[in-house]
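What you see is a predicted model; the values in this text were computed from it and never measured.
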Amino acid sequence: MKFLIILTLAVAASAFPESELVHRNRVMPVVDDIEGRITNGQTATVGQFPYQVGLSLRVNALSSAWCGGSLIGNQWVLTAAHCTDGIQSVTVYLGATVRTSAEVTHTVPSSNIIIHSGWNNQNLRNDISLIKIPSVTYSSKIAAVKLPARANSYSTYEGETVVASGWGRLGDSSNGVANNLQYVDLKVISNAECARTYGTSIVVASNICVGTPNGRSTCNGDSGGPLVVKGSKIQIGLTSFGAAAGCEKGYPAAFTRVTSYLTWIADNTGLQV
């Protein structure tokens with residue numbers, strides 16, 4: 001059984017083996033030299049992903065970081081805990097296709113962020129957080145994603161075609177910033193298959209994984225961004241981690257499984273989930 005070094009898909013570079021996990025350092029220069037994108041995807045059209053959110057995360061006075069997120073209500077953004085852990089403030093970009101040309105932006109302090117109380121930066125368990133923003137008006141470019149209905153049991157979604165989206169590197173060798181929102185169609189694989197790469201202590205029931213054939217995958221900087229069922233546009237995952245060996249190497253990409261957190265989302269936001 002092969003366990004790879006894994007990488008949370010925020011910005012900057014720091015990795016950790018399964019036996020000694022270290023939370024990824026998301027620090028980057030203020031000049032906005034964003035790293036990491038959807039690899040080998042397609043360019044989104046205006047309004048294609050109205051729920052997609054960009055997050056510029058202020059780590060300290062000298063550095064910032066970049067992640068993705070999704071709008072789940074007119075005052076709430078869903079993203080990854082490893083994106084928001086330890087930051088001072090976040091600027092939320094709404095309605096953007098070109099990364100920094102948003103219809104609406106809001107900057108909120110860390111007190112507006114709710115990180116799951118079970119978040120563990122050693123094994124990436126409960127990698128989920130919420131950001132409260134001033135109320136936004138929906139339009140053709142800004143709208144909430146659908147969340148799965150709460151039920152007694154859920155599909156594993158294994159074999160489903162899903163869509164991941166984000167701004168980012170177009171390949172492992174790319175150093176430039178992609179200004180345009182990218183997306184890629186992928187298929188959900190079983191957690192057992194995913195665990196053959198990362199280990200059963202990392203891949204648990206609250207994760208969902210996709211295969212990444214032909215170099216198509218999420219990558220650094222896509223963290224926190226949405227994974228939706230193609231056609232229905234129901235969000236079932238948010239980008240969490242992948243292999244440090246590279247985004248185009250064919251190793252699975254892992255997400256936080258949204259159906260595991262619907263009660264937590266409802267309890268903290270008041271949304272009818």
Undergrad: When rounded to the nearest 0.5 angstrom, what distance separates OG in Ser129 from CH2 in Trp264?
TA: 6.5 Å
Undergrad: Taking it one step at a time, do Thr97 and Thr45 satisfy side-chain contact (heavy atoms from CB on, under 4.5 Å)?
TA: CA-CA 7 Å; Thr97 304; Thr45 57; over 6 Å; no
Undergrad: Looking only at heavy atoms, what is the nearest atom pair of Thr79 and Gly68, with distance?
TA: OG1-O, 2.8 Å
Undergrad: Determine whether Ser110 and Gln88 satisfy the following criterion, side-chain hydrogen bond (donor to acceptor under 3.5 Å, both in side chains), listing intermediate values before the conclusion.
TA: CA-CA 5 Å; Ser110 59; Gln88 295 181 350; over 6 Å; no
Undergrad: Treating Asn214 as the side-chain partner and Arg216 as the backbone partner, does any N or O pair qualify as donor plus acceptor under 3.5 Å?
TA: no
Undergrad: Hey, what do you get for OG (Ser64) to CG (Leu55), rounding to the nearest 0.5 Å?
TA: 12.0 Å
Undergrad: Would the distance check show the side chain of Asp85 and the main-chain N or O of Ala81 forming a donor-acceptor pair, the cut-off being under 3.5 Å?
TA: no
Undergrad: Would you mind reporting whether Leu130 and Leu78 have side-chain heavy atoms less than 4.5 Å apart?
TA: yes
Undergrad: For the residue pair Tyr51 and Val228, establish whether any side-chain heavy-atom pair is separated by less than 4.5 Å.
TA: yes
Undergrad: Do Ile189 and Leu227 belong to the same hydrophobic cluster, where Ile, Leu, Val, Met, Phe, Trp and Tyr are linked whenever their side-chain heavy atoms lie under 4.5 Å apart, directly or via other members?
TA: no
Undergrad: Can you check whether Asn180 reaches Arg99 side chain to side chain, under 4.5 Å on heavy atoms?
TA: no
Undergrad: Verify the ring-centre separation between Tyr198 and Phe241: is it less than 6.0 angstrom?
TA: yes
Undergrad: So if you build clusters from Ile, Leu, Val, Met, Phe, Trp, Tyr with side-chain heavy-atom gaps below 4.5 Å, do Leu238 and Leu271 land together?
TA: yes
Undergrad: Is a donor from one side chain sitting under 3.5 angstrom from an acceptor on the other, for Thr91 and Thr107?
TA: yes
Undergrad: Quick check for you: to the nearest 0.5 Å, what is the distance between Ser240 atom OG and Asn126 atom CG?
TA: 10.5 Å
Undergrad: Can you list the residues that meet the side chain to side chain contact (heavy atoms under 4.5 Å, CB included) rule with Pro148, with sequence neighbours excluded?
TA: Tyr157, Ile234, Ile236, Val258, Thr259, Leu262
Undergrad: Hey, what do you get for CG (Leu181) to CD (Gln42), rounding to the nearest 0.5 Å?
TA: 12.0 Å
Undergrad: Does Lys187 have any side chain to side chain donor-acceptor pair (under 3.5 Å) partners at least two apart in sequence or in another chain, and if so, which?
TA: Thr161
Undergrad: According to side chain to side chain donor-acceptor pair (under 3.5 Å), who are the partners of Thr43, at least two apart in sequence or on a separate chain?
TA: Gln182
Undergrad: Indicate, with yes or no, if Val104 and Val90 share a hydrophobic cluster defined by side-chain heavy-atom contacts under 4.5 Å among Ile, Leu, Val, Met, Phe, Trp and Tyr.
TA: yes
Undergrad: Within a strict 4.5 Å, meaning less than it, do heavy atoms of the Val145 and Leu71 side chains meet?
TA: no
Undergrad: For residues 132-140, which side-chain donor-acceptor pairs fall under 3.5 Å, sequence neighbours excluded?
TA:
from: Tyr138; atom 1: OH; to: Asn74; atom 2: N; distance (Å): 3.0
from: Ser139; atom 1: OG; to: Lys141; atom 2: N; distance (Å): 3.2
from: Ser139; atom 1: OG; to: Ile142; atom 2: N; distance (Å): 3.2

Undergrad: Quick check for you: to the nearest 0.5 Å, what is the distance between Asn121 atom CG and Ile115 atom CD1?
TA: 10.0 Å
Undergrad: For Glu158, which residues count as a side chain to side chain donor-acceptor pair (under 3.5 Å) partner, sequence neighbours excluded?
TA: none
Undergrad: Mind jotting down which residue pairs meet the salt bridge (Lys or Arg N to Asp or Glu O under 4.0 Å) criterion with at least one end in residues 254-270? Sequence neighbours excluded, please.
TA: none
Undergrad: Looking at every non-hydrogen atom in both residues, tell me the closest pair between Ser63 and Arg58 and how far apart they are.
TA: O-CD, 3.3 Å
Undergrad: In the single-linkage hydrophobic clustering (I, L, V, M, F, W, Y; side-chain heavy atoms under 4.5 Å), do Val188 and Val184 co-cluster?
TA: yes
Undergrad: For a quick test of reading the model, state the closest non-hydrogen atom pair linking Pro252 to Thr197 and the distance between them.
TA: CD-OG1, 3.5 Å
Undergrad: With sequence neighbours excluded, what pairs up with Lys230 under the salt bridge (charged side-chain N to carboxylate O under 4.0 Å, His left out) test?
TA: Asp185
Undergrad: Would a distance-only check, ignoring hydrogens and angles, find a side-chain to backbone donor-acceptor pair under 3.5 Å from Thr239 to Gly224?
TA: no
Undergrad: Taking the side chain from Thr269 and the backbone from Ile265, do they hold a donor-acceptor pair closer than 3.5 Å?
TA: yes
Undergrad: Are Val53 and Ile87 joined in one hydrophobic group, where the rule is that I, L, V, M, F, W and Y side chains link up if heavy atoms are under 4.5 Å apart?
TA: yes
Undergrad: Are the side chain of Gln235 and the backbone of Gly237 linked by a donor-acceptor contact shorter than 3.5 Å?
TA: yes
Undergrad: Show the nearest heavy-atom pair for residues Asn207 and Asn191, with the distance to one decimal.
TA: O-ND2, 3.2 Å
Undergrad: Just by distance, do the side chain of Ser70 and the backbone of Pro226 share a donor-acceptor pair under 3.5 Å?
TA: no
Undergrad: Any side-chain heavy-atom pair from Cys209 and Val203 closer than 4.5 angstrom?
TA: yes
Undergrad: Within the side chain of Thr256, is there an N or O that forms a donor-acceptor pair under 3.5 Å with the backbone of Asp127?
TA: yes
Undergrad: For Trp76, check ring pair (Phe, Tyr, Trp, His ring centres under 6.0 Å) against everything at least two apart and list the hits.
TA: none
Undergrad: How would you list, by chain and number, every residue that makes a ring pair (Phe, Tyr, Trp, His ring centres under 6.0 Å) with His106, sequence neighbours excluded?
TA: none
Undergrad: Among residues at least two apart in sequence or on other chains, which ones pass side chain to side chain contact (heavy atoms under 4.5 Å, CB included) with Ala266?
TA: Arg150, Val273
Undergrad: Name all residues meeting the side chain to side chain donor-acceptor pair (under 3.5 Å) criterion together with Ser260; count only those two or more places apart in sequence or in a different chain, and write none if there are none.
TA: none
Undergrad: What do you reckon, are the aromatic ring centroids of Trp167 and Tyr183 less than 6.0 Å apart?
TA: no
Undergrad: Identify the two heavy atoms, one from Val229 and one from Ser232, that lie closest to each other, and give their separation to 0.1 Å.
TA: CB-OG, 3.2 Å
Undergrad: First locate atom OG of Ser89, then atom CD1 of Ile113, and finally report the distance between them rounded to the nearest 0.5 Å.
TA: 8.0 Å
Undergrad: Please report the shortest heavy-atom distance between Ser223 and Cys67, naming the atom on each side.
TA: O-CB, 3.3 Å
Undergrad: What do the steps show when you test Glu103 against Leu94 for side-chain contact (heavy atoms from CB on, under 4.5 Å), and what is the final call?
TA: CA-CA 6 Å; Glu103 293 292 299; Leu94 299 151; 5.9 Å; no
Undergrad: Hey, can you tell me if Tyr93 and Trp66 have their rings parallel, tilted or perpendicular (30° and 60° cut-offs)?
TA: tilted
